[in-house]
Amino acid sequence: EQAALLSQDAFCKRPEEIAQAELYRLLPKQAISTLEYAQTKRWVRKPDGSKTHWSLDFAPFSKPIMEALDNPEIPEVIVPKPSRCGGTMIVECYALKCLEYGPVGDIGWYLAGPEEVRSYADRVVEPMFEDHDGVAEQLGKRATDNKKTFKRISGQVFELLVMGGKTTTNRQFRLAVIDEPDTYAKAYRSNWLDQMRQRQRALGSDRKLYACAHADIGWTGGISQGWVQSTQGIAVLQCPECGGHGSPYPTKYWPDVPRFRLDYERAPEGTPIHERLALARSTAAMACPHCGVPLSNEQRIEMAKAVQFMHKGQALDIDAGIIGEPDANKTWGFWVHV
């Protein structure tokens with residue numbers, strides 16, 4: 001019976017089907033930046049199920065990070081960040097742009113454990129693929145092409161994985177996303193960067209790594225250790241009152257950079273805790289390290305919209321701001337703040 005089927009070419013795929021599946025490799029891709037994609041095409045699901053467009057106003061720090069992801073001379077981007085600030089959404093926008101417009105290549109997304117993978121697949125990945133027609137229409141038609149943790153998009157693979165030995169061996173992703181490495185198993189908290197460099201080595205300059213997390217385990221591992229190997233970029237803000245420049249968190253690696261700090265009125269000793277908290281809440285403000293003026297919330301928001309990042313090789317002039325050029329480094333770091 002099988003010989004009869006073989007004689008009828010029953011096991012052969014039609015040439016036009018093969019050509020159609022590979023056509024995307026021949027078609028020119030639209031030149032579009034990650035920021036442009038995010039602002040014009042990225043939908044975000046709200047808790048009530050409705051959709052809204054991604055906005056730079058909610059995450060003004062995203063622009064230079066997205067530009068680094070688009071830069072072919074920067075293969076690694078490291079982002080220490082607070083929770084729920086939009087750091088992961090940056091690389092979601094980049095990944096969607098790549099799947100729809102290129103650069104073409106497989107995407108591997110590493111999380112800490114099975115529960116994290118299931119949760120992210122349900123909360124983010126399924127809605128993300130459903131809401132972006134340019135990507136959804138390229139999904140493979142077989143059941144195996146569109147699973148919760150594995151997608152095949154015009155020959156490209158998008159896969160969610162638990163960080164571990166079985167998921168890194170014999171894997172090679174053009175884009176490797178390291179999500180919350182500070183929560184990885186102990187064996188991988190400190191060597192995830194070396195692991196990914198080994199896995200992507202054969203790709204040469206055609207590789208990209210993005211890592212983001214809130215720094216939970218200090219300077220000896222996790223996201224902080226990756227940032228130390230990078231350009232050590234820190235946020236720089238300009239006071240709207242006096243024009244002086246400083247950073248909300250220079251880290252110990254930038255000891256001479258002035259720091260904007262939280263300032264609030266202290267209640268007298270013995271004041272009940274609820275009154276002390278109420279007073280702190282009502283008077284809390286960001287204070288300039290130069291003129292000492294507590295900045296209003298409106299001033300703080302406008303200041304954040306103009307945020308810049310200073311990298312190793314550059315210096316901070318109090319009046320002029322960031323001067324000089326960054327040192328050559330394949331790994332760029334951006335320390336993000338609430």
Side-chain angles (χ1 to χ4, degrees), residues 34 37-38 41-55 58-59 62 65-66 69 77 79 81-101 105-168 171 173-185 188-189 192 196 208-214 216 222-223 336:
T34 300
Y37 184 94
K41 297 180 178 293
R42 178 68 204 272
W43 290 102
V44 181
R45 289 275 185 103
K46 294 181 179 181
D48 63 3
S50 62
K51 296 187 293 185
T52 184
H53 274 298
W54 182 92
S55 173
F58 290 104
S62 301
I65 302 176
M66 289 180 172
L69 283 170
V77 179
V79 183
K81 65 175 187 65
S83 299
R84 312 303 301 164
C85 73
T88 305
M89 203 169 288
I90 291 172
V91 74
E92 290 170 2
C93 293
Y94 177 72
L96 285 167
K97 185 209 78 164
C98 290
L99 291 173
E100 187 169 353
Y101 295 104
D106 294 343
I107 298 172
W109 205 290
Y110 287 94
L111 296 112
E115 185 56 41
E116 287 84 352
V117 167
R118 282 192 295 269
S119 174
Y120 191 71
D122 291 336
R123 290 184 300 103
V124 179
V125 173
E126 284 303 307
M128 193 167 72
F129 276 81
E130 291 171 2
D131 294 343
H132 297 87
D133 295 339
V135 177
E137 64 190 16
Q138 297 183 58
L139 277 168
K141 305 306 180 186
R142 297 175 300 180
T144 55
D145 292 337
N146 189 13
K147 298 190 288 187
K148 283 195 172 185
T149 62
F150 182 94
K151 312 280 185 185
R152 193 179 298 279
I153 307 97
S154 292
Q156 303 170 88
V157 166
F158 178 98
E159 190 172 5
L160 296 179
L161 303 142
V162 177
M163 173 56 77
K166 293 182 179 179
T167 60
T168 53
R171 290 303 214 293
F173 298 107
R174 192 200 76 82
L175 170 61
V177 179
I178 307 299
D179 204 345
E180 299 293 347
D182 290 51
T183 64
Y184 287 177
Y188 293 93
R189 287 178 193 166
W192 53 268
M196 291 300 104
K208 192 72 70 173
L209 177 143
Y210 181 90
C212 66
H214 41 93
D216 289 335
I223 197 71
V336 173

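Values below: all heavy atoms of this structure, side chains included; hydrogens, waters and symmetry mates excluded.
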| query | Does the side-chain contact (heavy atoms from CB on, under 4.5 Å) test come out yes or no for Asn146 and Arg152, once each step is laid out? | reply | CA-CA 7 Å; Asn146 189 13; Arg152 193 179 298 279; over 6 Å; no
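- Between Glu180 and Lys81, at least one side-chain N (NZ, or NE/NH1/NH2) sits under 4.0 Å from a carboxylate O, which counts as a salt bridge.
- Listed here is the closest heavy atom pair of Ala112 and Thr183: CB-OG1, 3.3 Å.
- With sequence neighbours excluded, the residues that form a side-chain hydrogen bond (donor to acceptor under 3.5 Å, both in side chains) with Asp122 are Lys148.
- If you take CG on Leu99 and OH on Tyr94, they are separated by 10.5 Å, rounding to the nearest 0.5 Å.
- Note that CZ of Arg42 is 13.0 Å distant from OG of Ser55, once rounded to the nearest 0.5 Å.
- Crowding of Phe58 atom CZ: a count of heavy atoms from other residues, nucleotides or ligands under 6.0 Å not exceeding 12.
- At a threshold of 4.5 Å between non-hydrogen side-chain atoms, the residues Arg171 and Leu161 count as touching.
- Among all heavy-atom pairs drawn from Gly140 and Asp145, the shortest one is CA-OD2, 3.3 Å.
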| said: Assess the residue pair Phe158 and Phe173 against the criterion (side-chain contact (heavy atoms from CB on, under 4.5 Å)); give the C-alpha distance rounded to whole Å, side-chain angles, the decisive distance to 0.1 Å, and a yes or no. | reply: CA-CA 9 Å; Phe158 178 98; Phe173 298 107; over 6 Å; no
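- Taking every heavy atom of both residues into account, Gly165 and Tyr188 meet most closely at N-OH, 2.8 Å.
- In this structure, the separation between CD1 on Ile153 and CG on Leu139 is 5.5 Å, given to the nearest 0.5 Å.
- When all heavy atoms are compared, the tightest approach of Val336 to Cys85 is CG1-SG, 4.2 Å.
- Remark: the backbone N or O of Thr88 is not paired with any side-chain donor or acceptor of Asp179 at under 3.5 angstrom.
- Interatomic distance, CD1 of Ile90 versus CD1 of Ile65, reported as 4.0 Å (0.5 Å rounding).
- Between the side chain of Lys46 and the main chain of Thr52, no donor-acceptor pair closer than 3.5 Å is present.
- Listed here is the closest heavy atom pair of Ile223 and Asp182: N-OD1, 2.7 Å.
- Using a 4.5 Å heavy-atom threshold, the side chains of Cys98 and Arg174 count as touching.
- Without hydrogens or angle criteria, Asp106 side chain to Gln156 main chain gives no donor-acceptor distance under 3.5 Å.
- Residue-environment remark: NZ (Lys166) stays at or below the threshold of 12 foreign heavy atoms within 6.0 Å.
- We find the CE-SG distance between Met89 and Cys212 to be 11.0 Å, quoted to the nearest 0.5 Å.
- Annotation: side chain of Met163 is in contact with side chain of Met196 (closest heavy-atom distance under 4.5 Å).
- In this structure a side-chain-to-backbone donor-acceptor pair under 3.5 Å is missing from Arg189 to Gly222.
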Side-chain donor/acceptor pairs under 3.5 Å, residues 124-136, sequence neighbours excluded:
{"unit_1": "Glu126", "atom_1": "OE2", "unit_2": "Lys151", "atom_2": "NZ", "d": "2.6"}
{"unit_1": "Glu130", "atom_1": "OE1", "unit_2": "Arg45", "atom_2": "NH2", "d": "3.0"}
{"unit_1": "Asp131", "atom_1": "OD1", "unit_2": "Arg45", "atom_2": "NE", "d": "3.3"}
{"unit_1": "Asp131", "atom_1": "OD1", "unit_2": "Arg45", "atom_2": "NH2", "d": "3.0"}
{"unit_1": "Asp131", "atom_1": "OD2", "unit_2": "Arg45", "atom_2": "NE", "d": "2.7"}
{"unit_1": "His132", "atom_1": "ND1", "unit_2": "Met128", "atom_2": "O", "d": "2.6"}
{"unit_1": "His132", "atom_1": "NE2", "unit_2": "Trp43", "atom_2": "N", "d": "3.0"}

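- Residues Lys208 and Leu69 are in side-chain contact: their nearest non-hydrogen atoms beyond the backbone lie under 4.5 Å apart.
- Taking 4.5 Å as the limit, some side-chain heavy atom of Tyr184 sits within range of a side-chain heavy atom of Tyr110.
- The ring of Tyr120 has its center closer than 6.0 angstrom to the ring center of Trp109.
- Between Val91 and Tyr210, the closest heavy-atom pair is CB-CD2, 3.5 Å.
- Between Glu115 and Val117, every side-chain heavy-atom pair lies at or beyond the 4.5 Å cut-off.
- Residues Lys41 and Tyr101 form a side-chain contact, since some pair of their non-hydrogen atoms from C-beta on lies under 4.5 Å apart.
- Contact of the Leu160 side chain with the Leu111 side chain is registered, since non-hydrogen atoms from C-beta on lie closer than 4.5 Å.
- With Ser62 contributing its side chain and Ala59 its backbone, the two residues share a donor-acceptor pair below 3.5 Å.
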